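First the structure, in the form of structure tokens, and then the observations on it.
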Amino acid sequence: MPAAEPPPPNYDETVVGRLALPDVLERPVGWARVRTAEDREDCRRQVVALFARRLYGDIPPPPEEMAVAREPVRGEPCARLTIALAHRGRRLAVDAALWLPPAARGPVPVIAGLTFLGPAGAMLSESFPIDEAAVVDGREEHGVVGRRLTEAVRGQHLGRWPAPLILAAGFGLALTCYGSWTPDDPALWEVSGLASLLGPDRGDAGALSLWAFSALRLADALARCPEVDASRIVLAGHSRLGKAALWAAANEPGIAGAIVNNSGCAGAAPSRRNFGETLAHLVHRYPHWLAPAAATAAADPASLPVDQHQLLGCIAPRPLYVASAAADLWADPEGERLAVAAAAPLWDLDGHAARLAWHLRPGGHNLTPWDWRRFLPFLKEQLAAG
Ligand code: GCU
């Protein structure tokens, strides 16, 4: 049952009121008293458990088996990875693309992302297959027809995922289509893809948790490639996939860092701020994204024991870049800025302030080379600094 229609979004700062976020150093766990890496890890686990129970549902554990096959792609400097999962006798195989910097000496750091259009959206070559089984929420002008990818998606997201720019900065790039793992469709997400593979082992995971699971499996697959430095895999995502990247990186301390772009509600924007999209809008329009328990938070965000700045804090002291866009009011850029500021003490604790970054791009909801020109020097500096 879709939730009741919420009131229209508020875009008036004067009616938002004072934002009372839980103090990141004190609540709901005593980060301020953290002395060792183990204490910090213990706090992270407790905070993640609260987010799982109240919003996203737990990310399921890895499947029983995973195999990765690899083949070259004609006309594009990338490899096709086929990630084959098996669990309790059921199977799912999903494609990803891996671009590697040609001049690399030794294993490289890799930026890994789930995307709306999949690998073909980020290349002009016609040799990478289009996943006709993927179900995505995309626009016809980008080649998505009736939630399916068509040949017309090729190259539509060259600017969102600019492989030449990323490779020139010394990073590998790995992309997979989110809809190949779990359909972005309230009628289909529970009856195909990962939900079918995992069966009851899916637990209470909503689609965002399943996409987070997918990002983590992509990272596992990359860790098996000898050219990849498994200790420097960064998750990146735009919008709903920025939410998933954030949730995945918060859960898995082995992920080296995250780039969370225009992620908004249930991403970097505080749930307690009534500006732009709220949890009530989200569960109404996308009833499959969060766990069933999120209905309570949607009705009363102040009842949550945590807010999104604390999810950002679960990535500390790893590098985190949160990016907002000035005209993307639905995603509440000012709220994202406030959440980053409220999370900052967790990086400051042991002198890692420079590993947390935020920017406000002029323009609307998108991921662009303008953003990448800022992400890449940041990641270079922070990942090399170890
Ligand atoms: C919708 C949704 C957002 C989401 C966005 C996207 O606008 O309300 O929460 O981030 O889609 O994924 O593009």
Side-chain angles (χ1 to χ4, degrees), residues 2-3 5-11 51 55-56 113-118 121 134-144 147 149 153 156-157 159-161 175-186 189 206-212 214-215 235-248 258-291 294 297-298 301 307-308 311-312 322-336 339 361 363-368 371:
E5 174 102 50
N10 168 54
Y11 290 117
F51 277 100
L55 277 186
Y56 303 98
L114 263 56
T115 70
F116 286 83
L117 304 181
V135 180
V136 305
D137 184 11
R139 301 207 213 117
E140 203 155 329
E141 79 236 41
H142 293 155
V144 177
R147 292 191 191 248
L149 304 178
V153 304
Q156 294 283 358
H157 278 169
R160 274 196 187 179
W161 300 97
L175 302 178
T176 185
C177 177
Y178 80 131
S180 299
W181 299 78
T182 287
D184 192 1
D185 183 324
W189 78 285
L208 284 171
S209 270
L210 294 179
W211 293 321
S214 318
L235 296 182
H238 168 63
S239 208
R240 70 198 67 185
L241 302 174
K243 307 181 210 293
L246 169 61
W247 178 227
I259 297 175
V260 176
N261 190 71
N262 297 187
S263 59
C265 184
S271 302
R272 280 169 172 73
R273 236 176 81 88
N274 175 23
F275 191 97
E277 183 177 28
T278 61
L279 285 173
H281 297 116
L282 188 147
V283 302
H284 177 69
R285 294 175 45 161
Y286 304 98
H288 55 304
W289 286 6
L290 295 171
D307 212 319
Q308 298 305 116
L311 190 57
L312 300 178
V322 174
S324 309
D328 184 17
L329 296 181
W330 179 242
D332 188 13
E334 173 62 5
E336 295 189 331
R361 177 176 43 75
H365 190 64
N366 204 353
L367 170 60
T368 73
D371 298 296

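When a ligand or atom number is given, it counts from 1 through the structure's own listing order. Keep in mind it's a predicted model, so treat the numbers as computed, not measured.
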(request) Can you label the angle between the His142 ring and the His157 ring as parallel, tilted or perpendicular, going by 30° and 60°? (result) perpendicular

Please tabulate protein-ligand N/O pairs under 3.5 Å for ligand 1, atom names and distances to 0.1 Å.
unit_1	atom_1	unit_2	atom_2	d
ligand 1	7 (O)	Trp330	NE1	2.9
ligand 1	8 (O)	Glu277	OE1	3.1
ligand 1	8 (O)	Glu277	OE2	2.7
ligand 1	8 (O)	Trp330	NE1	2.9
ligand 1	9 (O)	Lys243	NZ	2.8
ligand 1	9 (O)	Glu277	OE1	2.6
ligand 1	9 (O)	Glu277	OE2	3.4
ligand 1	10 (O)	Ser239	OG	2.7
ligand 1	10 (O)	Arg240	N	3.4
ligand 1	10 (O)	Lys243	NZ	3.1
ligand 1	11 (O)	Arg240	NH2	2.9
ligand 1	12 (O)	Ser239	OG	2.7
ligand 1	12 (O)	Arg240	N	2.9
ligand 1	12 (O)	Arg240	NE	2.5
ligand 1	12 (O)	Arg240	NH2	3.2
ligand 1	13 (O)	Ser239	OG	2.7
ligand 1	13 (O)	His365	NE2	3.1

(message) Applying the side chain to side chain donor-acceptor pair (under 3.5 Å) criterion to Arg160, which one of Thr368, Asn366, Asp371 satisfies it?
(response) Asn366

(message) Is it the case that the side chain of Arg273 and the backbone of Gly276 share a donor-acceptor pair, with hydrogens and angles ignored and the cut-off at 3.5 Å?
(response) no

(request) Side-chain contact test, heavy atoms from C-beta onward, threshold under 4.5 Å: evaluate it for Leu279 versus Leu290 and give yes or no. (result) yes

(message) Angle between ring planes, His365 versus His238, binned at 30° and 60°: parallel, tilted or perpendicular?
(response) tilted

(request) Please determine, by modelled atom types, if Ser209 and Trp247 share a side-chain donor-acceptor pair under 3.5 angstrom. (result) yes

